[in-house]
Amino acid sequence: MSDIILEMKGITKTFPGVKALENVNLKVRKGEIHALCGENGAGKSTLMKVLSGVYGHGTYEGDIIFEGKTCEFKDIKDSEELGIVIIHQELALIPYLSIAENIFLGNERQKGGIIDWNETLQRTQGLLDKVGLSESPNTLVTNIGVGKQQLVEIAKAFSKRVKLLILDEPTAALNEDDSENLLELMLGFKSQGISCIIISHKLNEIAKVADSVTILRDGQTIETLDMHKDAVTEDRIISGMVGRDLTHRYPERQPKIGEVTLEVKDWNVYHEHHADRKMIDNVNLNLRRGEIVGIAGLMGSGRTELAMSIFGKSYGKNISGTLIKDGKEIRNNDVTQAIKNGFAYVTEDRKNYGLILLDDIKRNISLTGLEKLTKSTVVNEHEEVLVAEDMRNQMKIKTPNILQKTSNLSGGNQQKVVLGKWIFSGPDILILDEPTRGIDVGAKYEIYTIINRLADEGKSILVISSELPEILGICDRIYVMNAGQITGEVERAEATQEKLMTYMTKHKAKV
Amino acid sequence: MSSITKPVKGSDKDKGSVFSRLFKGNIRQYGMIIALVFIMLLFEILTGGLLLKPINITNLILQNSYILVLAIGMVLVIITGHIDLSVGSIAAFVGAISAIFMVNWQMNPVLAVILSIVIGGLIGAWQGFWVAYVRIPAFIVTLAGMLLFRGLTMVVLEGQSISPFPNGFQKISSGFVPDFTNAATNIVAIIAGIALSVLYIVTELRNRASQRKYNFATGSQGLFIAKLIAVVAIINLFTFVLASYAGIPTILVLLFLLIIIYSFVMNKTVMGRHVYAIGGNEKAAGLSGVKTKKVTFWVFVNMGVLAAISGLIFAARLNAATPRAGTNFELDAIAACFIGGASASGGIGTVFGAIIGGLVMGVLNNGMSLVGLGIDWQQGIKGLVLLLAVAFDIYNKNKGNTAS
């Protein structure tokens with residue numbers, strides 16, 4: 001148990017202008033689950049890329065010692081040969097190939113260039129049994145959910161005789177059930193003597209499965225904690241990550257709630273492609289001035305579909321129902337109209353729907369509110385710089401300058417840019433869809449502070465989140481959704497996780 | 001400024017990286033200009049000084065104008081993430097229609113030109129409709145358009161060439177801005193050079209003053225003046241060269257106006273921003289309130305209009321409308337955009353870059369012809385230049401990316 005399978009010594013990795021890792025040390029024992037914690041941009045992913053050979057030998061300083069031998073990986077193939085397999089945050093499966101084809105992609109069971117399908121299918125079946133996935137090996141990956149896709153990735157790792165499995169944010173896109181399964185699976189691997197490194201922002205999961213935790217901050221190792229010996233609590237890990245004690249994970253706020261600003265009445269939405277599937281079923285809700293309202297619900301409960309259909313009919317077909325803002329009936333027929341009506345929608349998928357990653361911070365911030373910077377269709381670029389600088393200071397976006405490409409920012413900073421862009425457009429009603437997904441604790445706190453400030457300025461805010469503690473921590477009132485319907489409405493004072501959970505799984509009787 | 005991340009050592013180092021980033025960005029921008037200058041010098045030597053003779057410079061402009069006009073429209077299409085394969089056929093079709101108007105029907109040339117341009121716009125609208133609203137990939141829509149309009153050209157011309165065009169119309173691509181004296185050197189060209197220099201200096205000074213007003217860091221005074229002098233020298237040298245042959249070609253005025261207008265639109269206006277935003281991330285742009293379909297549609301309408309103008313210039317230069325006119329124009333225009341740094345996946349590219357790319361191709365064509373290289377070798381070399389230019393660009397981008 002105590003012998004070391006992997007040691008990384010004095011790893012230093014510099015990018016032009018930035019020291020991403022500075023003298024980082026990491027020791028992983030055989031057969032343990034080792035968690036790697038740190039804020040976004042702390043260097044976790046970079047460290048794993050060094051380990052797996054994405055950044056080959058020679059591009060960094062320091063030594064990697066695996067099973068007692070110093071290794072010089074030139075690329076991923078080298079590290080995989082020794083049994084180090086990394087599963088990235090963004091799944092690398094090919095949607096229109098079958099599970100079996102995906103698992104043996106690049107590693108085909110073949111004789112003289114001809115694929116042996118019998119062996120492929122048979123071995124796939126064995127691997128699927130191992131990870132507990134009951135799907136046919138011939139199923140196309142596009143037809144299974146994200147949770148199952150994650151299992152396929154793990155099965156793929158097992159097809160390669162894995163000794164050290166690295167999981168980068170494995171549960172970020174999974175719902176509670178799937179996350180639970182995955183963690184169970186990891187514990188199973190541990191009993192088979194496979195070592196795991198897990199990167200996760202979900203500290204409750206780490207507390208549940210990890211044997212030890214290494215904390216990185218600003219590219220340096222802060223400490224390694226033994227989960228069994230030291231008295232490690234979630235707050236203990238957080239204070240290591242941010243370098244200060246976080247007494248409250250959610251900032252204090254005295255809500256000043258005013259009159260009703262938005263009413264959504266009898267809202268119905270059908271599926272974009274399957275016209276007979278009702279995605280949103282007779283939803284009624286309201287928002288008040290200065291109020292933060294949450295929508296809780298499992299994935300697929302229709303939360304995002306509801307938000308996007310309200311925001312300029314960006315989702316769905318045959319949308320019916322009324323929107324009443326400040327006592328007057330309004331129409332949001334397209335996004336432009338919704339923005340004019342004072343709506344803003346911060347998407348759950350900032351990379352694909354929120355940002356133009358090719359562009360810099362400045363241009364992303366100004367995009368929605370461009371008219372404000374415009375005189376007879378000419379953009380005043382000097383004014384634009386001032387606006388972007390102002391947002392950067394307000395939102396505390398950590399960047400050398402506003403000309404930085406948004407693709408180079410960490411998740412938390414990207415999210416701040418998206419928020420900044422919508423704040424600049426000057427909305428009264430903000431819909432925030434998973435505003436803190438994949439963001440570290442420190443940045444989360446800053447985003448909550450911004451949300452509170454917006455509410456105090458008299459805006460109405462609708463927050464969609466999968467994390468119940470977050471909903472409970474920041475919302476004044478909570479709607480719960482399931483299967484396209486609102487199944488419950490709970491005031492903050494009465495809300496508990498258990499209560500929300502019951503509503504989330506409850507089915508309203510069909511009227 | 002903000003001192004959140006790296007309180008002590010941060011500020012200075014960050015400034016350094018900003019500077020080096022700016023510098024790096026500029027080197028990529030100027031890379032193609034340097035390549036162009038290099039190619040010009042190479043052929044200047046190989047041709048024994050023929051390339052930069054006033055008559056040849058004038059020729060270069062006349063020969064390449066119609067490709068450059070297409071390249072301006074094409075770079076917009078490419079920035080939105082599409083492609084247009086039909087522009088050569090559209091140019092031929094519009095040229096044929098204009099010949100029917102002017103030669104067969106004896107229509108007033110001005111009216112005929114306007115009508116032809118409107119037809120170009122309508123063709124663009126037709127393609128834009130399929131691409132933007134029906135969401136058929138532009139490659140397919142414009143491949144169909146390429147066949148369709150080539151076919152229609154042959155139909156309306158009944159397989160024959162139509163000529164000659166009225167004199168006034170021919171002047172579009174062979175005329176010069178008239179001079180008011182009979183001096184050996186063209187006074188109008190010299191005056192235009194001086195006027196442009198003054199205009200340039202005034203805009204730069206105003207821009208700098210405005211930067212000061214907003215308290216932005218302005219570059220060093222010395223560098224600024226050096227830049228002004230260099231640009232003014234180039235402008236006046238160029239107009240002087242033109243003046244010592246026949247003056248300013250009419251087509252150069254048109255080209256110049258198009259470049260200025262389109263650069264302005266793409267850099268300074270909301271419309272330009274929206275075009276870049278769509279190319280960068282169409283979904284995100286849509287959710288930010290950009291009317292993606294409408295903008296895409298108008299980009300294709302614009303391409304149709306410019307293709308029509310290009311077709312008219314070509315017909316005027318040839319003084320005939322022929323069924324095979326405009327063959328491979330689309331490929332030259334697309335190559336110009338990519339040599340000029342546009343990205344095949346959209347979101348990146350500049351009008352200025354496309355023009356430089358077009359000139360690189362033009363100088364290569366012209367230079368190789370002067371040297372006496374056969375058309376076979378010319379094609380091959382141009383292909384290699386395209387490949388190498390894009391490879392160079394991608395190599396640079398990758399180098400830039402690892403900095404993240």
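To find a chain, count down the sequence lines: A is the first, B the second, and so on, and within it residues start at 1.
- Within the 4.5 angstrom heavy-atom criterion, atoms from both the backbone and the side chain of B/Gln211 approach chain A.
- Put simply, OG on B/Ser288 and CG on A/Leu370 are 10.5 Å apart, with the number rounded to the nearest 0.5 Å.
- Per-residue heavy-atom pair counts under 4.5 Å with chain B were compared for A/Gln337, A/Glu384, A/Glu371, and the maximum is reached by A/Glu384.
- Of the two parts of A/Asp349, neither the backbone nor the side chain holds a non-hydrogen atom closer than 4.5 Å to a non-hydrogen atom of chain B.
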Audit row: B/Ile348, A/Leu358, side-chain contact (heavy atoms from CB on, under 4.5 Å) steps and yes/no = CA-CA 8 Å; B/Ile348 298 174; A/Leu358 282 175; 3.9 Å; yes
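- Residue A/Asp334 touches chain B through its side chain alone, counting heavy-atom pairs closer than 4.5 Å.
- Between B/Leu287 and A/Phe311, the shortest heavy-atom distance links the atoms O-CE2, 3.5 Å.
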side-chain contact (heavy atoms from CB on, under 4.5 Å) between B/Tyr276 and A/Ile356: does it pass, once the steps are laid out?
-> CA-CA 9 Å; B/Tyr276 278 109; A/Ile356 293 167; over 6 Å; no
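- Contacts between B/Val290 and chain A at a heavy-atom distance below 4.5 Å involve the side chain alone, from C-beta outward.
- When the candidates A/Lys351, A/Glu383, A/Lys340 are compared by the number of heavy-atom contacts under 4.5 Å with chain B, A/Glu383 comes out ahead.
- The candidate from A/Thr368, A/Leu373, A/Val418 with the greatest count of non-hydrogen atom pairs under 4.5 Å with chain B is A/Thr368.
- Heavy-atom minimum distance, B/Asn267 versus A/Glu381: O-OE2, 3.9 Å.
- With respect to chain B, the highest number of heavy-atom pairs below 4.5 Å among A/Asn352, A/Thr374, A/Asp359 belongs to A/Asn352.
- Residue contact with chain B, scored on non-hydrogen atoms closer than 4.5 Å, involves the side chain of A/Ser366 exclusively.
- A side chain to side chain contact (heavy atoms under 4.5 Å, CB included) with A/Val379 is found for exactly one of B/Arg273, B/Lys268, B/Met271, namely B/Arg273.
- Looking at A/Ile339, only its side chain comes within 4.5 Å of chain B, counting heavy atoms on both sides.
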Go through B/Lys291 and A/Val335 one step at a time and tell me if the side-chain contact (heavy atoms from CB on, under 4.5 Å) criterion holds.
-> CA-CA 8 Å; B/Lys291 297 196 162 161; A/Val335 174; over 6 Å; no
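- By the 6.0 Å contact criterion, OH on B/Tyr133 is enclosed, its count of non-hydrogen atoms from other residues, nucleotides or ligands being greater than 12.
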